[in-house]
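A short write-up of the structure that comes next.
Please read these numbers as outputs of a predicted model, since none were measured by experiment. Reminder, nothing fancy here: chain letters follow the sequence lines and each chain counts from 1.
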Amino acid sequence: MTKTIRVAVPGPFPEPLDYLVPLRMPLPPRGSRVRVPLGRRELVGVVTAAPTTSNLPSDRLRTIITVLDDEPLLDEEMTSLIEWAAHYYHHPPGDAYLAALPVRLRQGQPAEPAIESAWAITAEGREINPHALERRAPRQAALLEALQAEGSLSTARLAGFDGDARGALQRLVERGLASLTQAPDYGLILGRGEESNLTLNEEQVEAARAIQPGPGHEVVLIDGVTGSGKTEVYLDAIARALTQGLQTLIIVPEIGLTPQLVRRFQQRLSGRIAVLHSGLGDGERLNAWLAARAGEADVIIGTRSAAFVPLPRPGLIVIDEEHDASLKQQEGFRYSARDLAVLRAHRLDIPVVLGSATPSLESLENVRRGRYTCCRLRQRAGEARPPVIQLLDMRGQPTQDGLSRPLVEQIQRHLQANGQVLLFLNRRGFAPTLICHECGWLAECDRCDARYTYHRGRRRLQCHHCDRDRPVPHHCPSCGSVDLRPLGLGTERIETALQAAFPDTPPARIDRDSTRRRGSFERQMEAARRGETRLLLGTQMLAKGHHLPAVTLVAIIDADQGLFGADFRAPERLAQLVVQVAGRAGRAERAGEVAIQTHHPEHPLLQMLVHGGYPAFAEAALAEREAAGLPPARAMALLRAEATSREAPQAFLKSALAEAPHDPRVERLGPYPAPMERRAGRYRAQVMLQSDLRAPLQNLLTQWLPALGSLPEARRVRWSIDVDPAETL
DNA sequence: AGCACGCCGACT
DNA sequence: GTCGGCGTGCTC
């Protein structure tokens with residue numbers, strides 16, 4: 001009798017599909033991969049169950065092609081985590097399963113690490129004096145000497161020897177002096193476990209004490225101002241996990257996973273470290289993942305997708321910069337790495353640490369409700385004093401390409417005092433658009449409800465919302481005038497203005513355009529760290545986690561764009577940005593200054609930040625969300641739709657809403673057009689669902705969504721659901 | 001999602 | 001007469 005198994009295959013299937021396993025094959029257990037036929041394709045899927053019966057008659061079931069893993073690739077903890085996430089985020093389980101695996105495993109390649117060949121010294125080889133060989137076989141002698149010193153030589157190491165090293169080694173093998181060995185190469189980094197030269201201060205000791213790796217679940221929020229040494233607290237806790245023989249998973253935002261951070265972990269921790277980031281090749285990713293699964297890696301540092309790394313001996317999970325929006329996947333399987341990590345820690349019964357200088361309102365709300373323990377770190381290292389924030393009122397001020405007089409003078413002062421200045425503007429290019437001075441024509445993208453950004457260096461107009469890129473017109477397409485002028489501010493323009501204002505201090509511009517080349521971002525930051533660059537200017541990239549100890553002045557060129565954003569989280573983002581950027585200043589003995597240029601100095605958000613800092617802002621923002629009935633006070637989900645016609649998304653959402661089960665506890669808003677209705681040639685609209693409690697909203701979605709696919713209007717749109725959206729755009 | 005089938009328009 | 005456009009439907 002043949003057996004039936006349930007297989008999660010990639011595709012829009014709400015449930016795994018059933019297949020037969022022929023008698024000659026071993027029955028693959030839950031969590032192992034199989035290759036299966038689907039239509040006329042062959043796919044890799046993950047076994048989720050071995051049911052006794054199928055919903056379909058067995059003559060309609062097809063037979064699996066091969067069993068790819070005899071042992072489960074994913075243990076029960078992983079399979080149930082993935083299934084929970086697929087259910088919670090209303091994403092097809094097959095896609096969720098495959099998204100959780102490294103590409104190579106998704107493609108059906110064996111779950112085996114790279115094998116490294118190496119030549120090892122034999123007992124006999126140790127006894128021989130290499131010089132005895134020297135005359136007739138100098139190459140063998142050199143290699144034997146190296147083998148005696150190093151124990152073994154990897155293939156890569158052979159490059160350091162002259163001539164035919166392989167041949168000479170072969171000779172040594174024949175003489176029984178060396179042997180060819182094969183060992184898995186997980187590509188792990190070996191920690192050096194060096195002692196710290198600084199001791200934890202009182203606050204840090206208390207925070208570290210709140211984190212007890214190993215059995216016992218607790219969520220610890222480390223609310224620590226920049227420079228307060230959050231990382232030292234992590235390192236202390238990770239070191240204790242290591243001594244207990246337990247693994248630590250550290251999740252950091254994409255931009256925060258720098259070589260600098262990895263070096264620091266390597267220097268201070270004593271275990272074997274696996275790093276998982278986007279720059280890795282498929283093979284390296286697979287190795288790191290397998291190292292974690294095999295328990296070979298003691299510490300795993302990774303970005304969002306590392307939330308799905310298997311941990312056979314888990315002891316601790318750390319989420320750094322827990323407020324960062326990049327921890328939420330923005331398309332496809334829209335999971336939050338932070339929320340999943342907290343869930344995992346709960347299920348594994350281990351502690352999880354959330355760290356941030358500007359915690360998310362979600363986490364602060366959890367602290368308020370007593371779900372999370374909060375440790376505050378207010379003391380900055382080296383007695384550095386908190387920066388002084390001041391608002392520069394731009395109203396009626398003459399400006400030179402966005403720089404007001406007072407700001408120019410302030411920069412001057414800092415440069416003369418041998419300080420370092422960092423200017424921040426969250427818009428790259430020269431100007432956000434080009435305008436005709438004669439008729440007012442604006443360079444607008446024809447595929448988006450947005451303007452072209454003028455890039456003067458490249459002499460192009462570029463749309464930052466789609467891939468459009470075109471030459472700058474010589475004259476106005478509307479009236480023919482040649483008087484086309486840049487309108488608004490971008491980093492290129494500020495760079496020009498700085499060059500003019502400070503001819504003796506060349507500015508370094510750091511944005512996506514200037515750091516396109518591989519490694520150039522790191523190089524520029526390194527130059528800044530050494531103090532070679534005194535004047536830095538850049539976007540978001542500049543704000544995150546890079547230590548620039550000599551910065552004395554930080555300027556935010558334009559705070560106004562963040563004050564009036566369409567997204568309800570825009571103020572939160574601005575506040576976080578201001579605080580993070582401000583944290584770059586005054587880390588050494590000098591107190592830093594922060595200058596914020598704005599046309600709305602009286603704005604309550606800015607006032608709050610200047611006078612009460614982030615805690616005051618967060619408290620006010622939480623109260624506001626409560627009053628407005630927005631997250632984290634209430635649960636939210638977004639049904640989005642997009643199509644090439646303006647009507648189709650609206651029509652789909654309308655009939656979708658008509659199908660929605662009625663529940664007075666779930667509020668519905670819309671359909672309404674997305675804040676930027678047209679993007680990359682597609683019109684977008686959405687429906688917002690909100691509820692005081694998660695459960696009714698979840699239940700409604702569970703009942704509602706399966707029916708949406710069969711709506712006639714659904715075929716004219718691309719639609720998706722976003723649970724706990726990070727952005728409502 | 002991917003891939004077939006099928007039914008209408010312009011072309012070697 | 002065919003090549004190919006993308007609407008429609010299915011995959012255990």
Side-chain angles (χ1 to χ4, degrees), chain A residues 1-23 25-69 79 82-83 85-87 89-108 305 329-335 639-649 651-652 655-656 680-684 705-722:
Chain A
M1 201 184 77
T2 51
K3 291 266 169 65
T4 307
I5 55 167
R6 202 149 279 173
V7 182
V9 293
F13 310 106
E15 306 228 321
L17 307 179
D18 291 341
Y19 285 89
L20 299 174
V21 182
L23 278 172
M25 287 189 197
L27 189 70
R30 172 169 162 87
S32 61
R33 293 170 303 153
V34 287
R35 199 181 290 281
V36 296
L38 183 74
R40 42 198 75 192
R41 292 179 298 159
E42 287 183 6
L43 298 172
V44 173
V46 178
V47 179
T48 64
T52 44
T53 56
S54 171
N55 298 330
L56 289 170
S58 65
D59 60 352
R60 291 211 30 213
L61 300 186
R62 295 174 74 184
T63 304
I64 67 166
I65 299 160
T66 46
V67 176
L68 293 166
D69 307 299
T79 50
I82 294 164
E83 285 170 18
H87 183 253
Y89 293 106
H90 298 275
H91 196 75
D95 279 351
Y97 264 105
L98 275 293
L101 295 178
V103 176
R104 293 254 169 119
L105 296 179
R106 234 179 275 176
Q107 292 166 344
S305 63
Q329 179 129 6
Q330 296 288 6
E331 53 188 47
F333 180 24
R334 298 172 183 259
Y335 64 92
L639 179 65
R640 308 166 195 265
E642 57 172 67
T644 47
S645 86
R646 185 192 290 264
E647 296 74 25
F652 164 73
S655 46
R682 308 182 70 87
Y683 291 88
R684 311 174 306 150
L705 298 177
L708 296 191
S710 47
L711 287 174
E713 293 88 346
R715 273 180 277 112
R716 325 199 86 249
V717 301
R718 278 216 299 249
W719 65 273
S720 65
I721 190 80
D722 193 349

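A heavy-atom distance below 4.5 Å is not found between the side chains of A:Asp95 and A:Phe13. Side-chain contact between A:Arg106 and A:Pro10: absent, with no pair of heavy atoms (C-beta onward) separated by less than 4.5 Å. Residues A:Val21 and A:Pro28 form a side-chain contact, since some pair of their non-hydrogen atoms from C-beta on lies under 4.5 Å apart. The side-chain heavy atoms of A:Val36 and A:Leu17, taken from C-beta on, include no pair separated by under 4.5 Å.
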Which is it for A:Tyr19 and A:Leu38 under the side chain to side chain contact (heavy atoms under 4.5 Å, CB included) test, yes or no, and what are the steps along the way? CA-CA 10 Å; A:Tyr19 285 89; A:Leu38 183 74; 3.7 Å; yes
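The footprint of chain A on DNA chain C, defined by a heavy-atom cutoff below 4.0 Å, extends from C:dT8 to C:dC12.
Looking at heavy-atom distances under 4.0 Å, A:Leu61 makes contact with sugar-phosphate atoms alone, never a base. No contact: A:Arg6 has no heavy atom under 4.0 Å from any strand.
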Strictly under 3.5 Å: I want the nitrogen or oxygen pairs between protein and nucleotides 1-7 of chain B, one per line.
unit_1	atom_1	unit_2	atom_2	d
B:dG2	O4'	A:Arg41	NH1	3.1

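By the neighbour-count criterion of 12 heavy atoms within 6.0 Å, atom CD of A:Glu15 is sparsely surrounded, having that number or fewer from other residues, nucleotides or ligands.
Residue pairs meeting the salt bridge (Lys or Arg N to Asp or Glu O under 4.0 Å) criterion with at least one member in residues 707-721 of chain A, sequence neighbours excluded: A:Glu642-A:Arg718.
In this structure, A:Phe333 and A:Tyr89 have perpendicular ring planes: the angle between them is above 60°, well past the 30° mark.
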